[in-house]
Amino acid sequence: MNKQERYNPQVIEPRLQREWVESRLYFAQPNPDKPKFYSLVMFPYPSGDLHMGHMRNYTIGDVIARYHVMQGYNVMNPMGWDAFGLPAENAAIKDGIHPAVRTPDNIERMKEQLSKMGLVYDWDREVASYLPSYYKWTQWMFLLMYRRGLAYRKEAAANWCPVDRTVLANEQVVDGHCERCGAEVIKRNLVQWFFRITSYADRLLDSLDTLDEWPDRVRTMQRNWIGRSTGAEISFPVEGTDHTIPVFTTRPDTVFGATFVVLAPEHPLVGRITTAEQRASVQQYVERASRETEIERLSSDKEKTGVFTGAYALNPMTAERIQIWIADYVLVTYGTGAIQAVPGGDERDYDFALKYGLPIIQVVEPISASGEANDEGASDPSVAPVYKEGAAVPVYTGYGVMVNSGPLNGMTTADAKAAIIQMLEAEDKGRGTIIYRLRDWLISRQRYWGAPIPMVYCRECGEVPVPEEQLPVELPLDVEFTPGGESPLTYVESFVNTTCPQCGGPARRETDTMDTFVDSSWYFLRFCDPHNTEEPFAPQRANYWMPVDQYIGGVEHAILHLLYSRYFTKVLADAGMVDVQEPFRRLFTQGMITKGGAKMSKSKGNVVPVDEMVESLGADAARLFVLFIGPPEEDAEWNDRGAEGMYRFLGRVWRLFEGRVVVGSSGGEHAPGDYSQADRDLLRKMHLTIKKVTDDIKRFHFNTAVSATMELANAMQAYRDAHGPEKAAYQAAAGNLLLLLAPMAPHITEELWRSSGGEGSIHTQSWPHFNAELAAAEKVTLVVQVNGKVRDRLEMSADITQAEAVQAALGSAKVQQHLDGKTPEQVHYVPGRLVNIVI
RNA sequence: GCCGAAGUGGCGGAAUGGCAGACGCGCCCGCCUCAAAAGCGGGUGAGGGUAGCCUCAUGUGGGUUCGAGUCCCACCUUCGGCACCA
């Protein structure tokens, strides 16, 4: 093959990209002879344009896939499109182009961009969530949930985004604002579909421990999100009525200190127990609370307010008559919507008690510093008892010994918890329980561009699921996009009016669509069997490929997408569809690429388009640059000049192959003795580089993997200047340089491999072998320190003994000068590396 | 407030407790050229010294160690998550 005169990516890259597709190298089939490797990058929303964030993400995925092929794995590396969602619909309202028209165009554009980056996918497995062939099975998933009692409908105060005109899941509300458009979210009472994710809360939490190849950061975020609290539910009878108020507390041990009860303003008992005298002020308070926005309400620096209901409860342990208040610092959505207020043991209750003159009792005393420890430690020194202004009793939230607590007196906090739960249960006044912060997943969306929820409502039969054989419930295409309306589906008579699958009578279809997170909660399973028309996927195919061995994506999905996907996988496992309990064995979350300190986005106008760079410098240079820009798990600031350095490097690699350079088997393996000193040095560098690049790819340190290949290229350059390119050592280094760079810069390495006599595609070669013997140093630089300061460096043979090393160190003139005639007290020796003389 | 991560040259960053600043960007000098681009070679933390070299230096202050960017304690700053969650 003729070598090009100069490195010219614009010529070689498109040609090789075509060849890779034609050779079907990355099209995966089950293969019993090789271990499988399922490599997956989070599928994108087809906005139409790839940006540098995508580029970083997909390049990493591509390196991992290509590397594992060279390591001998049977690799599946699929790609698809998370194509339903608001942006397409909002664009349709704006310019009238139907999402069903725009989406495939965008997908085509993005596919072309992916291909121009040299990214190789198994396009036979491509899926797009907006196609009926896919969402048929999303609807099937809904029916599965419904069958298993995990999908239900209820009226609830939902988070409503007034701009996007739809409800949002709790997870999509950030600081009281819509995650997507930033508008302030308001509460609206609507009948909505939910998935019962809370019944999997324990399993979702506990099996996080099995995900030891996930970043701790993500596991912690999920743990916080699920928010398991262990404690007790205790019933407080309302004096003079049949009502009881159940409260949840994590500190049942402090129940003897409960001096009042607080209900959330929305608590259903408020209206029933409020006395006539207090009615007016309670009503006023409830109304004011309901007008407040979520953000005002939840601000913790706000001074606490509340109002007495006039009613009294009885402390179940002391039988003391205690006041019942309402206050908006108690949330109706958490626990039972009511609390036992223990001002002596809780700062919020303490502040409230001080403000309204309610009694404060101390029930826990810190254990003195020398006091005995228990399971919950001794008293916690970080929370000392505090007397606030006007208080006769301190507030102490830590652990310690019970006082003023009847039978609990003298017990430690931990013992008291166990004892009180036993007493409560024996006397039927309460029970030990666990609650979660996690809410059920609200999946209804009042929007058009999503998978219709497959339910119909019949006057006779009520709510009826669409039978499986009638799926998919197709999204009608002939709709009006009018700004400010409800979902266009509501106005499509032919869609809404249907017959009841049970009685055949007239019925109406559900017009809400599903949250797009439902679409993406199972796509990794569809990739295992993408053309199946009988099932969402065949269990035995999923069981071959699952779990995903390496999942790669942005940390912004650390909670939502990953939690939902884990939930789906567990439900499908329970349904016998798949064996694994966890979908993603190893997770890598990459950082964002920023420009001017901000995430790249169209609205900020700081997007660096992929096309331009690929056209001017080539895909390989662009790929190397995004790998080199910094540690991939961290955010990286974009720098326009950096990519040129990568182009220069590739030009240098290209020139290393000028002249008669032959790679592959003919590169020659000789016994070490055949080599000159320079040869051995080059081979040593080569082997050290093999080790470094291999280790770095394994731990996702692509920036240093690229550096290592640069160092090898620099060593080759120096060797070549002195000895020329013909010798076997150089040829071996040349071949291995290409192999090591192949996953990262696939085009130039393929081209040079072939033009230098390599057989077949470089991407089907075996990954180079590290030879520790050839990598071993012959000479070492012995660092000599005096009192820990470097004073000399000595070139020594690698096999020197300690005695020889120390002698040489003491013999150094520079060392003698610093010894200044004193005798060494101690000598520390690190074999082959360092002598430290202490005087 | 709680939890977590990170602070290293002009910049991105590198460094199993053992030579701080690899590699790259930028900048400076030189070679090549009529000239430029490209390329190649050299230099580039700060301060001092003609020089051999010396001193200082990894957010701040302590500590452990023969030896600390790395480990421990306290603090400062930035970022991320959670947050009136009982």
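Just the heavy atoms: all of them, side chains too, but no hydrogens, waters or symmetry mates, feed the values below. Proteins get letters first, then strands, A, B, ... in listed order; numbering begins at 1 in each.
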Candidate nucleotides [options], ranked by approach to the side chain of [X] - the nearest:
X: A:Arg652; options: B:C40, B:C84, B:C82; answer: B:C40
X: A:Thr781; options: B:G24, B:C82, B:C19; answer: B:C19
X: A:Thr250; options: B:G39, B:C66, B:A86; answer: B:A86
X: A:Leu331; options: B:C56, B:C85, B:U16; answer: B:C85
X: A:Trp225; options: B:C82, B:A15, B:A38; answer: B:C82
X: A:Ser707; options: B:A86, B:A22, B:A38; answer: B:A22
X: A:Arg348; options: B:A86, B:G81, B:C85; answer: B:C85
X: A:Pro631; options: B:C84, B:C82, B:G13; answer: B:G13
X: A:Lys304; options: B:C84, B:G39, B:A86; answer: B:C84
X: A:Met646; options: B:A86, B:G24, B:C54; answer: B:G24

Self-check item: The single option from A:Leu650, A:Ile629, A:Thr59 passing side chain to side chain contact (heavy atoms under 4.5 Å, CB included) against A:Leu624
Solution: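 In the set A:Leu650, A:Ile629, A:Thr59, the residue that makes a side chain to side chain contact (heavy atoms under 4.5 Å, CB included) with A:Leu624 is A:Leu650.
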
So what does [X] hit on the nucleic acid, given a heavy-atom distance under 4.0 Å: a base, only sugar-phosphate, or nothing?
X: A:Val790; value: sugar-phosphate
X: A:Arg228; value: nothing
X: A:Glu711; value: sugar-phosphate

Rounded distance in Å - [atom1] ([X]) to [atom2] ([N]):
X: A:Lys417; N: B:A86; atom1: NZ; atom2: C1'; result: 12 Å
X: A:Leu834; N: B:U16; atom1: CG; atom2: C1'; result: 15 Å
X: A:Lys789; N: B:A68; atom1: NZ; atom2: C1'; result: 13 Å
X: A:Arg793; N: B:G18; atom1: CZ; atom2: P; result: 16 Å
X: A:Met221; N: B:C3; atom1: CE; atom2: P; result: 17 Å

Quiz item: With no hydrogens and no angle check, is any side-chain donor or acceptor of A:Tyr730 less than 3.5 Å from a backbone partner on A:Arg720?
Solution: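 It does not hold such a pair.
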
Quiz prompt | Check: A:Tyr285 side chain, A:Thr305 main-chain N or O, donor-acceptor pair, under 3.5 Å | solution =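 Yes; at least one donor-acceptor contact below 3.5 Å.
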
Quiz item: Can we say A:Glu795 and A:Lys779 salt-bridge, meaning some charged N sits less than 4.0 Å from an Asp/Glu carboxylate O?
Solution: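 Answer for the salt bridge query: no.
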
Are [X] and [N] close enough that a side-chain N or O sits under 4.0 Å from OP1 or OP2?
X: A:Arg223; N: B:C3; value: no
X: A:Arg219; N: B:G4; value: no
X: A:Tyr334; N: B:A86; value: yes
X: A:Lys814; N: B:C53; value: yes
X: A:Asn703; N: B:G12; value: no
X: A:Arg648; N: B:G26; value: yes
X: A:Lys692; N: B:U16; value: no
X: A:Asn714; N: B:A22; value: no

Practice problem: Report yes or no: is there a donor-acceptor pair, N or O only, under 3.5 Å between the side chain of A:Arg699 and the base of B:U16? | Solution: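 A donor-acceptor contact between them is absent.
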
Quiz item: Does the base of B:C66 carry an N or O that pairs as donor and acceptor with the side chain of A:Asn836 under 3.5 Å?
Solution: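 A donor-acceptor contact between them is present.
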
Self-check item: Gap between atom CZ of A:Phe260 and atom CD1 of A:Ile339 - 0.5 Å precision
Solution: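 Reported value, rounded in 0.5 Å steps: 7.0 Å.
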
Practice problem: Report yes or no: do A:Arg566 and A:Gln222 form a side-chain donor-acceptor pair below 3.5 Å? | Solution: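 Yes.
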
Exercise. Report yes or no: is the cationic atom of A:Lys304 (NZ for Lys, CZ for Arg) closer than 6.0 Å to the six-membered ring centre of A:Phe352, at no more than 45° off its axis?
Key: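 Cation-pi check for A:Lys304 and A:Phe352: fails.
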
Quiz item: Looking at the angle O4'-C1'-N9-C4 for a purine or O4'-C1'-N1-C2 for a pyrimidine, is B:G63 syn or anti, with syn meaning within 90° of 0?
Solution: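 Anti for B:G63; the angle lies over 90° from 0.
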
